[in-house]
Structures are given as structure tokens and as C-alpha cells.
There are 2 protein chains.
Amino acid sequence: MNEIAFDSRECGSCPIRHRAVCARCESDELERLEEIKFYRTYEAGQPVLWAGDQMEFVASVVQGIASLSQTMEDGRTQMVGLLLPSDFIGRPGRDFAPFDVVAVSDLTICCFRKKPFEALMTSTPRIGARLLEMTLDELDSAREWMLVLGRKTAREKIASLLSILARRDASLRKQAPRDGMSFELPLTREAMADYLGLTLETVSRQISALKKSGVIVLEGKRKVLVPDLEALIDETGDDMDGGLIV
Amino acid sequence: MNEIAFDSRECGSCPIRHRAVCARCESDELERLEEIKFYRTYEAGQPVLWAGDQMEFVASVVQGIASLSQTMEDGRTQMVGLLLPSDFIGRPGRDFAPFDVVAVSDLTICCFRKKPFEALMTSTPRIGARLLEMTLDELDSAREWMLVLGRKTAREKIASLLSILARRDASLRKQAPRDGMSFELPLTREAMADYLGLTLETVSRQISALKKSGVIVLEGKRKVLVPDLEALIDETGDDMDGGLIV
DNA sequence: AGGTCAACTTGATCCTGATCAAGGAAGCGC
DNA sequence: GCGCTTCCTTGATCAGGATCAAGTTGACCT
């Protein structure tokens, strides 16, 4: 996700967050960030914020996965973002949460009170610039996901999600994605369905179908092995190179 | 779209652009923007940029409509954004276009060479801050659209698009959306289909259906009259208040 | 007027994914 | 062990939208 190297020890106990926002920043900025931060943890399934809530902090994901989602009155739900470690929650300059934020797995986030963070942003333009860069990345990701939602078949959708998860999993442990890699599925079938605009039954069926055609191998229900990465990417319908970055 | 009042005469011949980026800025910033800008025009259907193209400028839409879209090898197309007057094209800090940009109607854009614009951004933090704000708005819009693509029925999709177009049309002429308003459809059925993740036949059928149930009245093929705005919004499946802002 | 073309409408049929329904597997407390 | 719950799988059927296929409309040209 974030290419910038930054020695994590210098950042104290919240390395990822600092790497995300303060890349290349000077140490006094780091210290000022240290002063205003605190941690929160949530269990899988717990809400972090409801749409419309007052947000008194911005945060970054340290560990675990959170989701951004919207629900219609009749219960139809669409996940609009998956927040993995190093992703940013909240928006300077905005007071209310636009979407529900829910802990998908056990979750630790590193929070910064919004007011001081905003003050820091105006006094340190680099932070704002970095945030703009991150937001533009997220916007591109959201738009790429619109192709998935609007035009892909169920099978292509599943393959797209798996290939994203595989790549992000690899990059979190700083490896290149490779053949024969395996990773843990952090989402229930229902959460996958909500992300992909499908039902959980269809998700289950398509995973079974990919398994049957040998594109993936399941170890238990939540562990996926990808014997041939290119075969999986083939199933996404994307052209080889471009590829989703989420 | 943009709530900030700014006397357009002060901005020379490109008022919207300046209002979008330079809101509340001082006059010397305006002058510096004047120095590096130029205009381009395109006819309906012409491409502005292909995905992967080098971008040597950023721009804002002055008149007409442009689309952002992605196409798969087999020809499936998904529009991922609709750019109306005052919307921004391009991204400081990025060299290649991530999506195709096409003129949907006759189009005028106001361009700024990227290098000087970026220089201006670092020397004038307010511009960066404004751009961050706009990008966050676009991100929210993109995420709201994901609900439309992933979970809404064809009829709800059409109603959602019409209600957005109605509202943006009203706001462009600085009126509150009201009952009995009518507006021009700037998109072909095919373009609507590409935006909504449908086929053009389904779009046509659902428009006919909405007409038959009296939610809209067609005058010719491209002019829509909305006798009762609330009835249209009802059809979107959204709750009354929140509502899509695109 | 007639011809041409693009945009649109409408009908018939098919198929993907939703829905309804039942049952299996793993974890956990007692 | 047993019951209980949550998550997942699989089957049968249904329906919404895609696809294929004609027509229609209207703008523009000569």
C-alpha cells in the first residue's frame, strides 16, 4: 500500500499510522503527533461509528480489518470500503461520519483528536499533502471497484476479491505475491457478499466452483491457497498488468 | 456543488474553476493561476484522455459534461464518474490518467499546466486544502454510487440517476429543486446504462415504466419533467433526507 | 419530399444470480 | 457426551435483467 520506508522504532508504538501520514516528516512533527494520540480496540462485529455520528477523532488502522458500509431501510447493505492496516479513517474538516464503520475482525486503531490534528495539518502542509495523496488513491480504488460492482459476473467478482486479498496479504508481510501462496480469509461469506453486491449463497457457490476448477484450494473454510496466481487473475476478467490496487 | 460565493468577474474568463480551487484565496494567487491557464474544447463523443495517457495538465470543467470510465477487454464498460461544470480533472502528483475521460456533450475545460500548478500548490497551502476537501467529496460520492451499483434494482437505479441530474441541474442555475421542474437529459440511453451498470434496453424500459406510472413526464426523448419530486425520490429507495450528492 | 442514420422503443426468450429451504461442520459451554 | 449457535454448503425454484431481434422516431441532408 505504502511504499515509503520509515524505521518503525522511531514512531513508537504506532508505526503504521506515522508511516502513513508522516512519511519523510521531521521528528518534531512526530513528537507532536505522539502527544495527541490514543488507542482503541474493538472486537469482531462491534461498530466503531454509525453514519451520522459525530467524529471527534481521526484514526488509522493498526491491526485487524474494518469495513465502511451503507444500509438501506429495507436492510440491503453495501460495503463501500475495506480498511486494512495503515488505512485512514475519518476526514479532517468534516464533523459527521458519512458511513458506518464496523470492526470485521478484532481491531486496533490509533486515534488522534480531530481538532489538534487539524491544527497540525495547517501548520505542517506536508501532512495535508500526504493525506491528499492517500485520498486520491482511495478514490481510484473506489472507482475501480465500481467496475467490479457494475459489470462483473459473480465468478469474476469473487476472483477479484480473492486476488486483492492475496496481494494485500502479501504486501503486509512484505513479500511479492507468488504462486503457491496461501492466506487467511478475514471475511465471512456474508461480508464478502456485502462487499461484492451478491448474496452469501452465491458467494459460497462461486467459491466452491473456483475450488472445483482448481483455481484455488481451500484449507478449512477460511484459508485459501492459490496454486497459480495467474490463473486466479485470469478469472477476474482484468487484463494482466493494470490490476486492482485496494 | 460548491457553496462558496465568489464574484465571478474577479476571476476573469474562468470563474468556475477559480471558484472551485481558489475559494477565499487572495488576488495574487488568482493572478498566478491566470498566468498558467488555457482552454480546450471537445465535441460530444471525443476523447479527452485515455487511461494510461501522460497528463501534462490538470483542468476543470467549464461547460458541458465529461465522463470517467473503464472498459474491459471484452468491451464491457463502466462509467465511474460524471464530470459536470466546476468538477476537477486530473491529479497533482500523478503522471498518468487512471481512467478514460470522454466528452459526453460538447465540452469546454480550463487547463493548467501541471508543473506550475503543483508549484503553486506547495507555495499556497490553501489550494491543496481545497483540493483535499473536493477529493473527499468525490470519494463520498463514489462510495454512495457503489450502493447504487451493488444493491439497487434497475428502476431504483434510473430514479437515482434522474434525481441526481435534477438536483445538479437545479443547483447549476442556483435554484432549489422543486416540483414541476424539468431538465434536459444530457446522456444517451447507452451512457446512462454505462453509468448504472445496465443495458440500454433496460434503461429504456425502466424510463418507460416510470413514465407510465406518472413519476416523470417525457417531452421528446431527452427532456424530463418531474411533477412530484418526492415521488421520484421515493423510487430511488433512499431515505428522504440523506440523499445522493453527486 | 425521400433517404439515411443514430437514438430509442418494444417484444420474445434465455440465463445468472436471488430466494426459499434444508442440512452439515466447527466451536463452545455445560 | 450433549445441546446450542454461528457459519457455511447445497439443492430447487423463481425472477430480474440480459440478449437477440424487429420496429419506430426524429434529425439532418440533398
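Just so we're on the same page: letters track the sequence lines, and every chain starts at 1.
Distance, Glu190(B) CD to dC8(C) C1': 12 Å, rounded to whole Å. Following rounding to the nearest Å, Lys152(A) (NZ) and dA18(D) (P) show an atom-to-atom distance of 18 Å. Rounding to whole angstrom units, CD of residue Gln206(A) and P of dA18(C) are separated by 9 Å. Atom CG in Asp74(A) sits roughly 15 Å away from atom P in dA18(C) (whole-Å rounding). Rounding to whole angstrom units, CZ of residue Arg151(B) and C1' of dT19(C) are separated by 13 Å. In this structure, Ile158(B) atom CD1 and dT9(C) atom P are separated by 10 Å, rounded to whole Å. For the pair Leu200(A) CG and dA22(C) P, the computed distance is 17 Å after rounding to whole Å. Note: CG (Leu196(B)) to P (dG16(D)) measures 18 Å, nearest angstrom.
Residues Asp74(A) and Arg151(B) are not paired through a salt bridge, judged by the lack of any N-O separation under 4.0 Å between the basic side chain and the carboxylate. A salt bridge is defined here as a Lys NZ or Arg NE, NH1 or NH2 lying under 4.0 Å from an Asp or Glu carboxylate O, and Arg76(B) with Glu156(A) meets this definition.
With DNA chain C read from its 5' end, the first of the two nearest nucleotides for Gly197(A) and Ser204(B) is the one closest to Ser204(B).
Between the side chains of Ser213(B) and Arg155(B), at least one donor N or O sits under 3.5 Å from an acceptor N or O. In this structure, a donor-acceptor pair under 3.5 Å is present between the side chains of Thr77(A) and Thr71(A). Judged by distance alone, the side chains of Arg167(A) and Ser163(A) do bring a donor and an acceptor atom under 3.5 Å apart.
Side-chain N/O atoms of Thr202(A) include one lying less than 4.0 angstrom from OP1 or OP2 on dA18(C). At the phosphate of dA18(D), OP1 or OP2 sits under 4.0 Å from a side-chain N or O atom of Thr199(B). In this model, the phosphate group of dT10(D) is approached by a side-chain N or O of Ser208(A) to a distance below 4.0 Å at OP1 or OP2.
Contacts between residues 210-221 of chain B and DNA chain C, defined by a heavy-atom separation below 4.0 Å, involve Lys221(B), listed by number.
Relative to the side chain of Arg189(A), the nucleotides dT9(C), dT9(D), dG17(C) differ in distance, and dT9(D) lies closest. The Thr188(A) side chain lies nearest to dC8(D) when the options are dT9(C), dC8(C), dC8(D). Proximity note for Leu198(A) (side chain, C-beta onward) versus dG17(C), dT19(D), dC8(C): the nearest is dG17(C).
Evaluation of atom-type donor-acceptor distances gives a pair under 3.5 Å for the side chain of Arg205(B) against the base of dT19(D). Taking only distance into account, the side chain of Glu201(A) meets the base of dC20(C) through a donor-acceptor pair shorter than 3.5 Å.
In this structure, CZ in Arg91(A) is found 4.5 Å from CG in Leu136(B), a value given to the nearest 0.5 Å. Atom CD in Glu56(A) sits 8.5 Å away from atom SG in Cys111(A) (nearest 0.5 Å). Note that CG of Leu162(B) is 6.0 Å distant from CG of Leu185(B), once rounded to the nearest 0.5 Å.
The residue Arg222(A) sits close only to the backbone: its heavy atoms come under 4.0 Å of sugar-phosphate atoms, none of a base.
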